[in-house]
Amino acid sequence: TEDGWPYADAGPEEPDFRGEPDDDLLALTARSSHVYDGLDPLERQVINARFGLAGTPVRSMKQLHADLGVPRADLRSALGSGLAKLRDQLA
């Protein structure tokens with residue numbers, strides 16, 4: 001898009017309960033809070049906000065950039081590295 005983000009921001013997505021379940025999201029919500037112990041604070045904050053976990057509303061990456069004032073590259077990096085750590089731990 002013209003503002004530098006790779007995808008147009010359509011706002012938070014509503015869950016589709018008729019479709020296939022998101023196994024990653026189910027695993028994250030079913031596990032204890034210790035699953036987050038290996039994450040950096042920014043990784044934890046970005047993942048919780050991006051997916052609406054831990055009682056936080058779903059936020060787009062653009063909204064997180066505006067709210068936190070963190071550079072876009074750092075947000076993308078935190079999301080990617082945090083998800084990789086969670087996948088390794090849940091595997």
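The residues of the chain are indexed from 1 along the displayed sequence.
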Q: For residues A49 and L64, report the shortest heavy-atom separation together with the two atoms involved.
A: CB-CD2, 3.5 Å
**Q.** Closest non-hydrogen atom pair between A78 and V46, with its separation
**A.** CB-CG2, 4.3 Å
Q | 4.5 Å side-chain heavy-atom contact, F51 and L79 | A | yes
Q.
Measuring only between side-chain heavy atoms, which start at C-beta, is R50 closer than 4.5 Å to R59?
A. no
Q: Please round to the nearest 0.5 Å and tell me the distance separating atom CD1 of I47 and atom CG of L86.
A: 4.5 Å
Q. In Å, rounded to the nearest 0.5 Å, how long is the span from CG of D74 to NE2 of H65?
A. 10.5 Å
Q.
I'd like to know if the side chain of S81 reaches the main chain of S77, judged simply by a donor and an acceptor atom lying under 3.5 Å from each other, with no hydrogens or angles considered.
A. yes
Q) Got a sec, which residues hit side chain to side chain contact (heavy atoms under 4.5 Å, CB included) with Q45, two or more places apart in sequence or on another chain? A) L42, L68
Q: Start with the C-alpha distance between Y36 and L53, add both sets of side-chain angles, then the distance that settles side chain to side chain contact (heavy atoms under 4.5 Å, CB included), and finish with yes or no.
A: CA-CA 11 Å; Y36 297 109; L53 302 173; 3.4 Å; yes
